[in-house]
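Protein chains get the first letters and strands the later ones, always in sequence-line order, with residue 1 at the start of each.
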Amino acid sequence: MNDAAAGAVFHALSDPTRRQVVQALAQRGSLTASAIAADLPVSRQAVTKHLTALREAGLARATPSGREVHYDLTPAPMADAVAWITQTGAAWDDRLGRLQRSLER
Amino acid sequence: MELHQDIVRREVVLDAEPDAAWAALTDPALLETWLAQSVDVDIREGAEGTITDHDGTVRDAVVEEVLPGRRVALRWAAPGQDPTIVELTLDPVDEARTRLVVVEVPVAVVRAVSTRLIGSDAFRGPALVAA
């Protein structure tokens with residue numbers, strides 16, 4: 001991996017509900033856990049857990065505002081993860097091309 | 001963005017009968033014709049060594065699983081990078097052709113989904129592709 005955080009990114013995005021949370025933040029910007037939960041079939045507590053996982057993967061940021069906490073997407077680690085997929089896939093395309101040529105007679 | 005356990009997956013059909021395809025995955029001299037410039041690890045379970053790419057990158061490698069005729073799984077890591085699992089799985093197409101499926105996944109992701117994988121597969125190893 002290019003970035004030690006990229007594994008955490010893949011893990012964070014492997015959960016379908018977390019992907020919905022990411023989508024809500026991407027489409028609507030800064031949101032509270034309650035606002036996200038209102039649009040999803042899960043509890044506010046469950047959304048808060050997913051937001052914690054996203055923060056640990058570097059994909060979200062929490063900003064206290066009075067008694068509320070607003071969450072924003074910080075998508076840079078996602079770009080790192082996509083770059084890793086692209087580079088790793090290209091390396092395998094090269095290797096498998098050599099393998100196929102080596103087996104031609 | 002669709003993410004699942006096969007983070008990077010490639011599938012090719014080789015013009016090789018299964019025995020020749022297996023040799024290409026396990027004979028270091030043959031591996032050096034395609035996988036990397038230098039393959040300094042024996043393909044047997046538990047073996048450790050290094051695999052040096054054409055660009056000079058030296059990866060530490062551990063052979064995680066060898067299922068004769070069927071699958072080789074390696075764990076490798078370049079300096080300063082997270083380890084990944086590489087799984088090479090063969091599947092005969094006909095007498096003259098063999099399908100090769102390559103999956104490369106960060107170890108962190110394999111750990112995250114390993115309970116599900118182990119539950120769904122009788123094999124000991126990472127078994128990213130159903131055998």
Side-chain angles (χ1 to χ4, degrees), chain A residues 1-27 49-50 52-54 56-60 73-105, chain B residues 1-17 20-21 23-25 27 29-37 39 51 53-55 57 59 76-78 80-86 88 96-114 116:
Chain A
M1 304 288 300
N2 296 337
D3 181 341
V9 171
F10 292 128
H11 177 215
L13 295 177
S14 66
D15 181 276
T17 305
R18 276 202 290 279
R19 288 203 295 272
Q20 288 183 298
V21 172
V22 167
Q23 195 171 10
L25 290 170
Q27 288 173 341
K49 263 180 71 179
H50 288 307
T52 300
L54 292 172
E56 285 170 358
L59 292 171
L73 214 56
T74 51
M78 243 183 283
D80 293 342
V82 170
W84 180 82
I85 290 175
T86 306
Q87 289 161 8
T88 302
W92 281 108
D93 289 337
D94 288 347
R95 293 180 188 121
L96 294 174
R98 286 194 294 267
L99 175 58
Q100 286 184 302
R101 284 191 297 278
S102 80
L103 292 168
E104 281 168 9
R105 336 212 147 191
Chain B
M1 179 154 105
E2 187 58 35
L3 281 171
H4 51 95
Q5 69 214 38
D6 296 350
I7 300 289
V8 170
R9 186 182 201 280
R10 292 292 189 273
E11 184 175 324
V12 291
V13 173
L14 304 172
D15 283 326
E17 55 189 53
L25 301 193
D27 178 339
L30 293 177
L31 284 166
E32 286 176 354
T33 66
W34 68 276
L35 181 73
Q37 188 155 40
V39 176
I51 294 175
D53 253 335
H54 290 81
D55 67 4
T57 303
R59 289 186 170 83
W76 70 11
Q81 301 192 355
D82 281 0
T84 61
I85 298 281
V86 172
L88 306 162
R97 294 181 302 159
T98 309
R99 180 176 292 102
L100 169 62
V101 177
V102 177
V103 174
E104 183 164 357
V105 181
V107 169
V109 176
V110 178
R111 287 205 190 101
V113 297
S114 62
R116 181 159 50 87

Flag side-chain contact, heavy atom, 4.5 Å: A:Trp92 against B:Val86 | yes
Check whether B:Leu100 gets within reach of chain A through its side chain, its backbone, both or neither, counting any heavy atom under 4.5 Å.
-> side chain
Identify which part of A:Ala90 has an atom lying under 4.5 Å from any heavy atom of chain B, answering side chain, backbone, both or neither.
-> backbone
Which heavy-atom pair separates A:Asp93 from B:Arg10 by the least distance, and what is that distance?
-> OD1-NE, 2.6 Å
Taking all atoms of both residues into account, what is the closest heavy-atom pair of B:Trp34 and A:Leu96, and its distance?
-> CZ3-CD2, 4.2 Å
Of all the heavy-atom pairs spanning B:Ala16 and A:Leu103, show the shortest one and how long it is.
-> CB-CD1, 3.9 Å
When every non-hydrogen atom of A:Thr88 is compared with those of B:Glu104, the smallest separation belongs to CG2-OE1, 3.2 Å
Nearest heavy-atom neighbours spanning B:Thr33 and A:Arg98 = O-CB, 3.9 Å
Which atom of A:Ile85 lies closest to which atom of B:Ile7, heavy atoms considered = CG1-CG2, 3.6 Å
To the nearest 0.5 Å, atom CG of B:Asp82 lies from atom CH2 of A:Trp84 at 9.5 Å
Region of B:Asp53 that comes under 4.5 Å of a non-hydrogen atom in chain A | side chain
